[in-house]
Amino acid sequence: MKSLIERLLGDALAALVADGTLPAGTAPAIQVERTRDPSHGDLASNVALTLARGAGMKPRDLAARICEALPADRAVERTEIAGPGFINFFLAADASTAVVAEALRAGERFGECDEGAGRKVQVEFVSANPTGPLHVGHGRGAAVGDSLCRLLRATGWEVSSEFYYNDAGQQIENLARSVQARCRGQAPGDAAWPEDGYRGDYIVEVAEAYLRCDSVAAEDRQVTGAGDPEDLEAIRDFAVAWLRHEQDLDLKAFGVDFDVYFLESSLYRSGEVDDAVKLLVDGGKTYEQDGALWLRTTDYGDDKDRVMRKADGGYTYFLPDVAYHLNKWRRGFTRVINEQGADHHSTVTRVRAGLQALEQGIPEGWPDYVLHQMVTVMRDGAEVKLSKRAGSYVTLRDLIDEVGRDATRYFLAARAPSSQLTFDIDLALSQSNDNPVYYIQYAHARVCSVHQRLAEAGLAWDREAALAHLTLLGNEEEQELLRALARYPETVARAAREAEPHAVANYLRELAGHFHTFYNAHKVLVDDPALRAARVALAEAVRQAIANGLGLLGVGAPERM
RNA sequence: CCGCCUGUAGCUCAGCAGGAUAGAGCAACCGCCUCCUAAGCGGUAGGUCGCAGGUUCGAAUCCUGCCAGGCGGACCA
């Protein structure tokens, strides 16, 4: 509908250019917006305001000329010039109800579009080190990242989701030594306890499983504990597998799955890390200093050069990161989105700089990043900081177990990633109108209940037949609901484009609100068959939008509550 | 000291590709169930959009400078 108005305005402006009212070469980006106030019509444009200066006319006069030049269209009932020079469009009744037919016919595909045109995009998210259970911050990454994947798929992109395991390096060494210490019966605080060891209770569980010679299945392998406390290599393999398994369970409980699990260690085995070094050295981008090998990242916008290979011969985390992204590029992902916590934002410049230094034709701003800010958890008005198992942080599992998957996913995805998030456990737990998850789900359940009643009463409802009666939807609440419903496809498209799933969450809250208002003001199952058919159609269209929208957030849409 | 993010109603937050009187929920107060699930609805009250300049016909939205909070600034990740 928006694009129709844009086209009409474009024709009108072309006509005015042709007759000399507007200077030649006038080709503005025409803005058409949905109005906030129904008295301003359904859609409005500010073109007259933006073009008035160039035309040497008063905005309202120009608006009048534009209106005269507008081609007639049956979807537009009338136009009005308002305020400083806005052109308001009032849609014909059958145009404003068109969205109901669209929703019912499209069904689960309502709201989808082909903006991505089948292009490939890779989304990397969570990517937690396999050194402990996932915490709330990872949960936010999982909720936002997974929802982003769903949004991109819904808008025509071919999405590949990926989890990158840092299963090599110093942190893994700490993990192995921590488990080894537990195997030997040591505890944090003991003299022999490793420096920077992991203190959580789950380390005890890993040690016990290892000593019992348990078998654990990670995504691509099966590892059996050797039972020998002195075999650090065996402990490392077992511990990593155990924690990968643990994280897989956390993600499964959260309803998140990945297309690809990528291991940092594979980059060493395949020689890709060494290849990256060779490319950088041969390209003359490096220098030796104090026994270390440095990369001139300052040539690419970084504020200081970075060490690639330490004096002890080991690589810094930065180098495998570069090799990993080169790997992504070579897999043909011209678009990559990395969703990560903002506490790692300093890597953005570094990775991009490293990729530029490779001179492999990678674009400067590649890859894209979505950074989410920190999460704090509140209960009884106080911040919750500790978990029994993990010790120093609140685990994702704790939250899912306590407030449920749907509420957890909704709350973690409902805020702009760039904003810090306060997760209020009391609110997420409340089974009342305080809780937006239930509020939205309840609207869905109410429509399902209407269908149930309809069937119980032995009343038939035929979709195509109902669509013929939609013009009966004329009262204020119905009109408001139609206006809200019409915004769904635009909301999805924009949320995907801006990588902001929270827009969907907020929209659904509003849509559900309009539905509840309508539902409370008017009976759906009235005696008049035509009106009844039309209202059921409207309710069903809303249900479809809610079900689809919740699906984009990974939240369920129950039929009864 | 430098970089990124944030500052909107008592609280949690939308709005920020400039637009017509700044929104929602919670909390407060007043109402609505012989009626499709009251996990619902209606109403009242509540804001110098951190502060100060600037650009513009028009700024919560863009620019600059301050102030406050969060995060980062390793031969850790």
Side-chain angles (χ1 to χ4, degrees), chain A residues 29 31 33 35-37 39-40 44-46 49-50 52-53 58-59 82-86 88 129 131 166 169-172 174 196 289-294 303-304 306-318 320-321 341-349 371-374 376 378 381 411 414-424 427 430-443 445-454 456-457 477 494 497-498 502-503 505-507 509-510 512-513 515-526 535-536 539 560-561:
Chain A
Q31 285 180 42
E33 305 180 329
T35 57
R36 182 166 299 188
D37 183 340
S39 72
H40 295 149
S45 178
N46 63 353
L49 287 136
T50 56
R53 177 188 286 262
K58 290 182 190 166
F86 291 101
N88 295 334
N129 289 347
T131 54
N166 292 98
Q170 192 56 45
Q171 299 308 319
I172 298 302
N174 289 347
D196 299 326
Q289 187 181 307
D290 304 328
L293 184 65
W294 297 67
D303 54 0
K304 58 179 90 161
R306 305 291 167 178
V307 170
M308 295 164 53
R309 192 171 56 221
K310 299 181 276 183
D312 68 9
Y315 293 119
T316 59
Y317 69 93
F318 156 65
D321 272 3
D343 53 339
H344 288 97
H345 82 263
S346 61
T347 65
V348 175
T349 311
L371 303 176
H372 66 259
Q373 297 290 324
M374 305 294 98
T376 48
M378 304 287 284
F411 279 88
R415 300 288 179 240
S418 61
S419 288
Q420 287 169 53
L421 174 76
T422 304
F423 194 108
D424 185 338
L427 178 60
S430 72
Q431 300 211 344
S432 71
N433 55 352
D434 303 6
N435 191 329
V437 186
Y438 294 127
Y439 184 85
I440 296 165
Q441 290 181 327
Y442 184 47
R446 274 185 147 175
V447 179
C448 293
S449 171
V450 166
H451 283 297
Q452 178 88 25
R453 293 286 171 164
L454 198 62
E456 282 169 10
E477 289 79 10
R494 172 140 188 195
R497 210 180 303 133
E498 307 289 327
H502 74 286
N506 290 324
Y507 166 82
R509 181 67 177 74
E510 283 175 36
F515 175 76
H516 286 309
T517 297
F518 156 75
Y519 189 84
N520 216 263
H522 307 285
K523 198 169 164 62
V524 174
L525 300 179
V526 290
R535 285 188 177 162
V536 171
R560 67 187 64 204
M561 296 177 69

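Numbered from 1 within each chain, the chains take letters A, B, ... in sequence-line order.
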Does A:V524 reach the side chain of A:F518, with side-chain heavy atoms less than 4.5 Å apart?
yes
May I ask you to say what A:H451 touches in the nucleic acid, namely base, sugar-phosphate or nothing, with a heavy-atom cut-off under 4.0 Å?
nothing
Which nucleotide, if any, forms a Watson-Crick or G-U wobble pair with B:U21, using both distances under 3.5 Å?
none
From the list B:U6, B:G15, B:C13, which nucleotide is the closest neighbour of the side chain of A:S418?
B:U6
Using purine N1 to pyrimidine N3 plus N6-O4 or O6-N4 for Watson-Crick, or N1-O2 and O6-N3 for G-U wobble, both under 3.5 Å, which nucleotide pairs with B:G58?
none
Nucleotide forming a Watson-Crick or wobble pair with B:U44, both distances under 3.5 Å:
B:A28
Please determine whether the number of non-hydrogen atoms from other residues, nucleotides or ligands lying under 6.0 Å from atom NZ of A:K58 exceeds 12.
no
Let's see if you can work this out: which of B:C36, B:G70, B:C41 has an atom nearest to the side-chain heavy atoms of A:V524?
B:C36
Is there a donor on the side chain of A:N88 or the base of B:A20 sitting less than 3.5 Å from an acceptor on the other?
yes
Between A:T349 and B:G73, does any side-chain N or O lie under 4.0 Å from OP1 or OP2?
no
Could you measure between the two P atoms, the one in B:A24 and the one in B:U44, and give it in whole Å?
11 Å
note: A:Y439, atom OH; B:A38, atom C1'; distance rounded to Å ~ 12 Å
Any donor-acceptor pair under 3.5 Å between the side chain of A:D343 and the base of B:G72?
no
B:U37, OP1 or OP2 - any side-chain N/O from A:R453 closer than 4.0 Å?
yes
Any side-chain heavy atom of A:I440 sitting closer than 4.5 Å to one from A:F515?
no
A:K304 has its side chain closest, among B:G73, B:A14, B:A20, to B:G73
With P as the reference atom in both, quote the distance from B:G3 to B:A60 in angstrom, rounded to an integer.
27 Å
May I ask you to say what A:D37 touches in the nucleic acid, namely base, sugar-phosphate or nothing, with a heavy-atom cut-off under 4.0 Å?
base
Using a 4.0 Å heavy-atom cut-off across all strands, classify A:R494 as base, sugar-phosphate, or nothing.
base
For the C1' atoms, the ones on B:G7 and on B:A14, what distance do you get once it is rounded to whole angstrom?
15 Å
Could you give the distance separating B:C49 and B:U8 at their P atoms, to the nearest angstrom?
11 Å
Which part of the nucleic acid does A:A414 contact within heavy-atom distance under 4.0 Å: base, sugar-phosphate only, or nothing?
nothing
For B:A38, take OP1 and OP2 only and decide whether either is under 4.0 Å from a side-chain N or O of A:Y442.
yes
Nearest-Å distance once atom C1' is located in both B:A38 and B:G31
14 Å
Which part of the nucleic acid, if any, lies within contact of A:F318, taking any heavy atom under 4.0 Å across all strands shown: a base, the sugar-phosphate backbone alone, or nothing?
nothing
So what's B:U34 paired with, Watson-Crick or G-U wobble, going by both distances under 3.5 Å?
none
Keeping the roles fixed (side chain from A:D312, backbone from A:G314), state whether a donor-acceptor pair exists under 3.5 Å.
yes
Side chain of A:M374: nearest nucleotide among B:C13, B:G70, B:C75?
B:G70
If you count every heavy atom of other residues, nucleotides or ligands that lies below 6.0 Å from A:R560 atom CZ, does the total exceed 12?
no
Describe the nucleic acid contact of A:H345 in one word from base, sugar-phosphate, nothing, applying a heavy-atom distance below 4.0 Å.
base
So if I take every side-chain heavy atom of A:H40 and compare against B:A14, B:A20, B:C76, which nucleotide ends up nearest?
B:A20
Quick check: does any side chain N or O of A:R535 sit under 3.5 Å from a backbone N or O of A:K523, one acting as donor and the other as acceptor?
yes
Does B:A77 have A:H344 stacked on its base, where the ring centres are within less than 5.5 Å and the planes differ by under 30°?
no
So, do A:Y317 and A:T347 sit near enough that their side-chain heavy atoms are less than 4.5 Å apart?
yes
Ignoring backbone atoms, establish whether A:S419 has a side-chain N or O less than 4.0 Å from OP1 or OP2 of B:U6.
no
Can you tell me the distance, in whole Å, between the CZ atom of A:R509 and the P atom of B:A24?
11 Å
Does any part of the side chain of A:Y438, heavy atoms only, come nearer than 4.5 Å to the side chain of A:M561, both counted from C-beta?
yes
Determine if the base of B:C66 is syn or anti; take syn to mean the glycosidic torsion is within 90° of 0.
anti
Let me know the distance between NE2 of A:H522 and C1' of B:C36, rounded to the nearest Å.
14 Å
If you look at every strand shown and take non-hydrogen atoms under 4.0 Å, does A:R309 touch a base, only sugar-phosphate, or nothing?
nothing
For B:A68, the nucleotide meeting Watson-Crick or G-U wobble distances (both under 3.5 Å) is B:U6
Anything under 30° is parallel, anything over 60° is perpendicular, the rest tilted; go ahead and classify A:F411 against A:F423.
tilted
CZ of A:R497 versus P of B:C16: gap in Å, rounded?
13 Å
In whole angstrom, what separates A:L525's CG from B:U37's P?
9 Å
If you pin A:E498 and A:N129 to their nearest nucleotides in RNA chain B, which one's is more 5'?
A:E498
Minimum-distance nucleotide to A:R36 side chain [options: B:G19, B:A39, B:G15]:
B:G15
With a 4.0 Å cutoff (strictly under), does any side-chain N or O of A:S346 reach OP1 or OP2 of B:G3?
no
A:N506 CG to B:G25 P: how many Å, rounded?
13 Å
If you find the nucleotide of RNA chain B closest to A:A342 and the one closest to A:G83, which residue's nucleotide is nearer the 5' end?
A:G83
Using a 4.0 Å heavy-atom cut-off across all strands, classify A:D290 as base, sugar-phosphate, or nothing.
base
Can you check the A:Q420 CD to B:C13 P distance for me, whole Å?
9 Å
Base, sugar-phosphate, or nothing: which does A:A445 touch, judged by heavy atoms less than 4.0 Å apart?
base
Any side-chain heavy-atom pair from A:D196 and A:Q171 closer than 4.5 angstrom?
no
What integer number of Å spans the C1' atoms of B:C33 and B:G42?
14 Å
Between CD of A:E477 and C1' of B:C36 the distance, given in whole Å, is 16 Å
For A:K310 and B:C76, is the shortest distance between a side-chain N/O and OP1 or OP2 below 4.0 Å?
yes
Hey, is A:F86 doing a stacking thing with B:A20, by the 5.5 Å centroid and 30° angle criteria?
yes
For the C1' atoms, the ones on B:A20 and on B:C11, what distance do you get once it is rounded to whole angstrom?
31 Å
How far, in whole Å, is B:G25 from B:C41 if one measures between their P atoms?
8 Å
Could you check whether A:S449 gets within reach of a base, just the sugar-phosphate, or nothing at all, counting any heavy atom under 4.0 Å?
base
